[in-house]
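Quick notes on the structure that follows.
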Amino acid sequence: ALLATPPAAGEPAQPRPLPAPLPGGPVLRLRGVVAGWERPCLRGLDLDLAPGEVVAVRGPSGSGKSTLAAVVQRFLDPVGGRVLLDGVPAGELLGDDVRRVVGRVGDDEHVFATSLRENLRLAAPDADDDALRAVLHRVRLDAWCAALPAGLDSALGDGGAPLSGGERRRLAMARALLSNVRVLVLDEPSEGLDEATGAALVADLLDARGTTAVLLLAHRGEGVERAGRVLDLVDGRLRAGAVRAPR
């Protein structure tokens with residue numbers, strides 16, 4: 001039954017190379033997107049994301065935020081509408097190529113049973129220790145790394161040093177920064193954390209991003225006030241939303 005099930009995202013027979021950044025245009029553009037896993041939960045969704053912009057998309061669990069993340073990372077093909085990456089239809093690009101430039105940090109980040117160095121170098125195999133320490137500083141994990149028994153050589157994952165939920169997400173952010181993504185999807189990054197910890201985490205992730213465009217998906221309020229635009233996902237479409245002042 002699994003072998004007979006078509007993949008959620010197909011690969012093009014003649015894939016195009018990744019496009020160069022589009023001068024003056026959005027890095028990501030969705031028009032009339034209809035998508036879902038069993039039935040569509042996105043119904044005619046439009047979205048533009050410019051280089052360096054932070055756009056927050058709010059909605060309750062089940063509204064389609066994770067489906068939107070899957071669409072922009074090419075884990076799920078829409079059944080209607082268009083998704084353009086730097087002006088090129090995403091369906092004409094290999095999924096792995098899209099995910100080289102569209103990264104994600106969520107609440108389910110995996111830590112592999114190997115050293116901190118190798119966990120980071122999954123994103124950039126040629127990165128030297130100076131680059132690894134610099135990115136750990138950007139995501140505020142430098143003091144944590146210094147406190148580990150063997151620094152970058154310390155084992156993580158099963159049998160290694162434990163990580164909190166926030167530390168896992170910071171590690172995932174470090175991987176995304178090392179791979180030089182153009183778009184970063186922050187998918188419920190504060191989920192499972194208390195409000196103060198979640199707010200600090202999201203603020204640090206946004207501060208660390210540099211000029212990367214960010215799509216912040218959230219049903220909680222942490223970080224929403226830092227977005228240039230706030231949109232509400234309602235009935236499968238995006239609507240302009242009001243921003244409440246942070247407490």
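Since the structure is predicted, the reported quantities are computational estimates derived from the model, not experimental observations. For reference, positions follow the sequence shown, starting with 1.
- Here Ser115 contributes atom OG and Leu152 contributes atom CG; the two are 8.0 Å apart, rounded to the nearest 0.5 Å.
- Considering all non-hydrogen atoms of both residues, Ala8 and Trp37 come closest at CB-CZ3, 3.7 Å.
- The hydrophobic cluster containing Val71 does not contain Val34, counting ILVMFWY residues as joined when their side-chain heavy atoms lie under 4.5 angstrom apart, directly or transitively.
- Considering CG of Leu217 and CG of Leu186, their distance stands at 8.0 Å, rounded to 0.5 Å.
- Side-chain contact between Glu167 and Glu109 is absent, with no heavy atoms from C-beta onward closer than 4.5 Å.
- Under 4.0 Å is where a charged nitrogen must lie from a carboxylate oxygen, and between Asp48 and Arg31 at least one such pair does.
- When every heavy atom of Leu201 is checked against every heavy atom of Gly166, the shortest pair comes out as CD1-O, 3.9 Å.
- With contacts defined as side-chain heavy-atom distances shorter than 4.5 Å, the pair Leu238/Leu233 qualifies.
- The number of heavy atoms from other shown groups lying within 6.0 Å of CZ (Arg168) is above 12.
- The shortest distance between side-chain heavy atoms of Arg209 and Leu205 does not fall below 4.5 Å.
- Distance check: Arg117 CZ to Asp128 CG gives 10.0 Å after rounding to the nearest 0.5 Å.
- We find the CG-CG distance between Leu84 and Leu28 to be 8.5 Å, quoted to the nearest 0.5 Å.
- Remark: Glu118 CD to Asp153 CG distance equals 9.0 Å, nearest 0.5 Å.
- With hydrogens and angles ignored, the 3.5 Å screen pairs a side-chain donor or acceptor of Asn119 with a backbone N or O of Phe112.
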(message) Test side-chain contact (heavy atoms from CB on, under 4.5 Å) on Leu136 and Leu120; report intermediate values, then the result.
(response) CA-CA 9 Å; Leu136 288 173; Leu120 290 169; 4.1 Å; yes

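- Under the 3.5 Å distance criterion, the side-chain polar atoms of Arg74 are left unmatched by any main-chain donor or acceptor of Leu94.
- Here the side chain of Asp194 pairs a donor or acceptor atom with the backbone of Ala196 at under 3.5 angstrom.
- A salt bridge does not link Glu188 with Arg169: every distance from a Lys NZ or Arg NE/NH1/NH2 to an Asp or Glu carboxylate oxygen is 4.0 Å or more.
- Not one N or O on the side chain of Arg170 forms a donor-acceptor pair closer than 3.5 Å with the backbone of Gly165.
- Listed for the Glu92 side chain is no donor-acceptor partner under 3.5 Å among the backbone atoms of Pro12.
- Residues Val83 and Leu49 fall within the same hydrophobic cluster, defined by Ile, Leu, Val, Met, Phe, Trp and Tyr side chains chained together at heavy-atom separations under 4.5 Å.
- Both Val135 and Leu171 belong to a common hydrophobic cluster when Ile, Leu, Val, Met, Phe, Trp and Tyr are linked at side-chain heavy-atom distances under 4.5 angstrom.
- Salt bridge absent: Asp235 and Arg43 never bring a charged side-chain N and a carboxylate O closer than 4.0 Å.
- Taking CG of Leu93 as the reference point, atom CZ of Arg100 lies at 10.5 Å (rounded to 0.5 Å).
- Minimum interatomic distance between Ala131 and Leu178 (heavy atoms only, all atoms of both residues): O-CD2, 4.3 Å.
- Minimum interatomic distance between Ala50 and Ala213 (heavy atoms only, all atoms of both residues): O-CB, 3.4 Å.
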(request) Could you go through the side-chain contact (heavy atoms from CB on, under 4.5 Å) check for Asp187 and Ser66 one step at a time? (result) CA-CA 7 Å; Asp187 189 0; Ser66 293; 3.6 Å; yes

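- Contact of the Val72 side chain with the Val183 side chain is not registered, since no non-hydrogen atoms from C-beta on lie closer than 4.5 Å.
- In this structure, the side chains of Val54 and Arg226 stay at 4.5 Å or more apart for every pair of heavy atoms.
- Within a 6.0 Å radius of CG in Asp158, no more than 12 heavy atoms belonging to other residues, nucleotides or ligands are found.
- Although no hydrogens or angles enter the test, the distance criterion places a donor-acceptor pair under 3.5 Å between the side chain of Lys65 and the main chain of Gly59.
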(message) For Asp86 and Arg182: C-alpha separation, side-chain torsions, deciding distance, then whether side-chain contact (heavy atoms from CB on, under 4.5 Å) applies.
(response) CA-CA 10 Å; Asp86 285 311; Arg182 298 178 203 168; 2.4 Å; yes

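- A continuous path of ILVMFWY side-chain contacts below 4.5 Å connects Leu148 to Leu132, so both sit in one hydrophobic cluster.
- Leu68 has its side chain within reach of Leu215: a pair of non-hydrogen atoms, C-beta onward, lies under 4.5 Å apart.
- Side-chain contact between Asp97 and Pro17 is absent, with no heavy atoms from C-beta onward closer than 4.5 Å.
- Note on Leu177 and Val102: separate hydrophobic clusters, where clusters join Ile, Leu, Val, Met, Phe, Trp and Tyr whose side-chain heavy atoms are under 4.5 Å apart, directly or indirectly.
- Within the 4.5 Å cutoff, the side chain of Arg133 has no heavy atoms near those of the Asp142 side chain.
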(request) Show the numbers, then the answer: is there a side-chain contact (heavy atoms from CB on, under 4.5 Å) between Val224 and Val202? (result) CA-CA 9 Å; Val224 169; Val202 176; over 6 Å; no

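- What you find for Ser190 and Gly198 is that their closest heavy atoms are CB-CA, 3.7 Å.
- Arg138 contributes a side-chain N or O that, together with a main-chain N or O of Ala208, makes up a donor-acceptor pair within less than 3.5 Å.
- Heavy atoms only, all atoms of each residue included: Pro78 and Ala35 are closest at CA-CB, 3.9 Å.
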